[in-house]
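Worksheet: one structure, shown below.
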Protein chains: 2
Amino acid sequence: MPEGQRKSKQPTIREVAAHAGVSPMTVSRTLSGGVYVRPDVQERVLRAVRELGYHRNEIARSLRPGQSSGLIGVAITNLGNPYYGNFALGVEEVAARHGRRIILGNTGEDPARERQLVSDFIGRQVEGLVLVPSGRSGEHLSSDELGGVPLVLASRSLDGLDADTVLLDDVGGAAGGTRALLDAGHTRIAFLGNARSVFTGERRFEGFVRALAERGLVPDDALVERDQQDVAAAETATRRLLDLDHPPTAIFSANNRNSIGVLHEVARRLRSGAALEAMPALASFDAFELAGLMPVPVTIVDHDPRELGREAARLLLARLGPEPSVEPSRRVEMPVRVVTAT
Amino acid sequence: MPEGQRKSKQPTIREVAAHAGVSPMTVSRTLSGGVYVRPDVQERVLRAVRELGYHRNEIARSLRPGQSSGLIGVAITNLGNPYYGNFALGVEEVAARHGRRIILGNTGEDPARERQLVSDFIGRQVEGLVLVPSGRSGEHLSSDELGGVPLVLASRSLDGLDADTVLLDDVGGAAGGTRALLDAGHTRIAFLGNARSVFTGERRFEGFVRALAERGLVPDDALVERDQQDVAAAETATRRLLDLDHPPTAIFSANNRNSIGVLHEVARRLRSGAALEAMPALASFDAFELAGLMPVPVTIVDHDPRELGREAARLLLARLGPEPSVEPSRRVEMPVRVVTAT
DNA sequence: CTGTTAGCGCCTTCAC
DNA sequence: GTGAAGGCGCTAACAG
């Protein structure tokens, strides 16, 4: 924490009062609606405020008992990912509409950093927390640890932690995307996704398996690649798949990064003279731009991260009433849409 | 501002002190490094802290004279745009490294909202402001209005406002992208960009004109479209261009949104049986994924918004020393790279 | 080494 | 209508 900084030139309520020839109380009252203050006095006060460039010190204000900071702590894993950028935007939007500001931290998928952030947020008296958890454990997130500050988990759930949660319909979406491939006649379908340890990775694989099962199929282990964290790894995994003696005719990709990797590899092969007919169809959980311009058929499991953020904020705000709402925690699954790119 | 909220269950320093059988001062000292506190007493204090789940109230802390809030206000135009998401990430990254947190607001290109946000940030005693301005005017951003809080402008400059600014090399980048098209033999090059009123729109057009001038060319008014705000409008503009009797053979697009629009229209025409040879080459200011998979040649003017954010934070932090640095304001132009997509 | 005093900026409560 | 205390949680400064 930075210590001993620049003396802010911010005028205080007392200076405004002196400037206007009234008491601080009169300034305070004027600024809070002006009931019980004579109009002409208000005029004078407001003029002083303008002349001095006075801004009420919200920090001092929120120190008073019964006042809240008006701050919502938001910790996400990667702001640079448009998915989370839009998520944060949704939270900000709803929070702002309710007079709250968000204070934002990026965890970079690092549980230690997440822990620091959460602790700092609590220290800053946030009214609530929205968190995309980066680990599997939620011990630092118990209601006790948080001093009763309400918490909403987003995108991922946490074992053994009872908290409001917003998720995508991962299972349904993955099943839907897979069904689209099955409906197109594919039976050898590969799966590209996150590591087993990632919550969404597990759920989307579950949806994939479920859709296959509906048609009496089971996943072929040789066609399942689950450890790609970035585009390059996805590209390599795709290469391996397509080099198999008996390659898949379609690929279900559990996220955006993997989908891009698949397409890069497909493009590489086409440039090398591979036949378009030999290229796999793709179904992708997560949209990506220009899907309609791809050489192979692309099905998208689309969803709205911004709406997910809005919903997270809504759940949180519902807990911020005067009464420390004791309702049981809620779990919301946001719908997804299966669309074939045009 | 939300009033009269839930009484936080946060324990205070006094409760910790009572629990540990010491005075609040001893707790304070222990928590700030523990010099001049007997080790065994520290033990007891820290145990009490743990048992009570105590977090130091940073708000009360920063109320003390000479203390700063550790908060940087960041107001950007559209968090949902990956460009600004990465920008915010860069700011957060550097701020966090210096013990600061960012408080984030989205202006949605609305000057009124920007004004509110800035005022609120000042009220929250931010140490500094990073702003992507949404209007042309900066009257609410004078050093007086801001109470001396340092300000860094990003991406766009503001007439008549003397403040630290980080920009992209818009002119050089646009010229470079245009040159790539000229080098490929194109002479009828269209320009798609922002409205004239947008700072970057003006600068990128300037670069475009400059590159043409180097080859003794001038822009053809019929080939300049400058009012597209979204993909759909860009698509329409492209349609008009390609429908001309004497259509352009290449398009320089001043931003990501326009580039995507161009490509959508190109795809639409190809699907309708248009000849690939009749399609324009594209140079795009701003990168987009899968550029290498496009049916037409694509040149990218690439840059790193995250680094832009880092630089903005650096400029700001340089002003946060104990002395209210009176150095003249700096203007930094971040380099861009012209690359042909692979 | 530890405790007491005082005050940061504001607003609730109680006088006038 | 307006003003004077008092205190929110914390920590410099000053005892002891």
Side-chain angles (χ1 to χ4, degrees), chain A residues 1-45 49 52 54-70 122-125 147, chain B residues 1-45 48-49 52-70 122-125 147:
Chain A
M1 212 50 43
E3 304 283 332
Q5 295 299 347
R6 46 198 310 290
K7 58 215 87 349
S8 85
K9 301 199 315 238
Q10 306 288 357
T12 76
I13 198 172
R14 262 206 282 280
E15 299 173 49
V16 176
H19 198 83
V22 296
S23 81
M25 250 341 281
T26 300
V27 177
S28 174
R29 276 196 266 257
T30 301
L31 260 27
S32 332
V35 274
Y36 302 138
V37 182
R38 258 181 18 226
D40 57 313
V41 177
Q42 294 196 38
E43 291 283 317
R44 255 190 306 149
V45 169
V49 165
L52 268 48
Y54 170 76
H55 294 258
R56 207 154 47 167
N57 185 333
E58 294 295 334
I59 281 192
R61 219 157 115 73
S62 68
L63 193 58
R64 316 238 60 253
Q67 294 290 340
S68 56
S69 66
I122 298 294
R124 289 180 192 277
Q125 312 301 113
Chain B
M1 211 52 42
E3 305 281 334
Q5 294 301 348
R6 48 199 307 292
K7 58 215 90 340
S8 85
K9 302 199 317 235
Q10 306 287 359
T12 78
I13 197 171
R14 262 206 282 282
E15 299 174 48
V16 176
H19 198 83
V22 295
S23 80
M25 234 4 260
T26 300
V27 176
S28 173
R29 276 196 267 259
T30 301
L31 260 26
S32 332
V35 276
Y36 302 138
V37 182
R38 255 176 28 220
D40 58 313
V41 177
Q42 293 198 36
E43 290 283 316
R44 253 190 307 150
V45 169
V49 165
L52 270 49
Y54 171 74
H55 294 258
R56 213 158 39 169
N57 184 334
E58 295 295 334
I59 281 193
R61 218 157 115 70
S62 68
L63 193 58
R64 317 233 63 252
Q67 295 288 344
S68 57
S69 66
I122 299 293
R124 288 179 192 277
Q125 312 301 113

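Chain identifiers are assigned alphabetically (A, B, ...) following the order of the sequence lines, protein sequences preceding nucleic acid strands; residue numbering begins at 1 within each chain.
Here the straight-line distance linking atom CG of B/N57 with atom CD of B/Q10 works out to 8.0 Å at 0.5 Å rounding. Note that the OG atom of B/S62 and the CD atom of B/Q125 stand 7.5 Å from one another [nearest 0.5 Å]. Interatomic distance, A/T12 OG1 to A/Y54 OH, rounded to the nearest 0.5 Å: 7.0 Å. To the nearest 0.5 angstrom, B/T26 atom OG1 is 11.5 Å from B/L31 atom CG.
The listed nucleotides are C/dG3, D/dG3, D/dG1; the one nearest the side chain of A/R38 is D/dG1. Here the nucleotide nearest the side chain of A/P65, chosen from C/dC10, D/dG9, D/dC8, is D/dC8. The side chain of B/M25 has C/dG3 as its nearest neighbour among C/dT13, C/dG3, C/dC10.
Summarising the geometry, the separation between CG on B/L31 and P on D/dC10 is reported as 9 Å, rounded to the nearest angstrom. The nearest whole Å value for the distance from the CD atom in B/E15 to the P atom in D/dG9 is 8 Å. The distance between atom CZ of A/R14 and atom P of C/dG7, rounded to the nearest whole Å, is 10 Å. Atoms CD (A/Q67) and C1' (C/dC11) sit 8 Å apart, rounded to a whole Å. When the P atom of D/dT11 is taken as reference, atom CZ of B/R61 falls 5 Å away, rounded to whole Å. Rounding to whole angstrom units, CD of residue B/Q125 and P of C/dG9 are separated by 9 Å. Rounded to whole Å, atom P of C/dG9 lies 14 Å from atom CG of A/L52. In this structure, CD1 of A/I13 is placed 16 Å from C1' of C/dG7, rounded to the nearest angstrom.
Side-chain N/O atoms of A/S28 include one lying less than 4.0 angstrom from OP1 or OP2 on C/dC11. When the side-chain nitrogen and oxygen atoms of A/R29 are compared with OP1 and OP2 of D/dT2, none of them lie within a distance under 4.0 Å. Close to D/dG1, at under 4.0 Å from its OP1 or OP2, lies no side-chain N or O of A/T26. Between B/R56 and D/dC10 there is no side-chain polar atom (N or O) within less than 4.0 angstrom of OP1 or OP2.
Comparing A/Y54 and B/Y36 against DNA chain C, the residue whose closest nucleotide sits nearer the 5' end is B/Y36. Position along DNA chain D of the nearest nucleotide to A/P24 versus B/R64 favours A/P24 as the more 5'-ward residue. Taking for each of B/Q42 and B/L63 the nucleotide of DNA chain C with the nearest heavy atom, the 5'-most of the two is the partner of B/Q42.
Side-chain atoms of A/R124 do not come within 3.5 Å of backbone N or O of B/E58 as any donor-acceptor pair.
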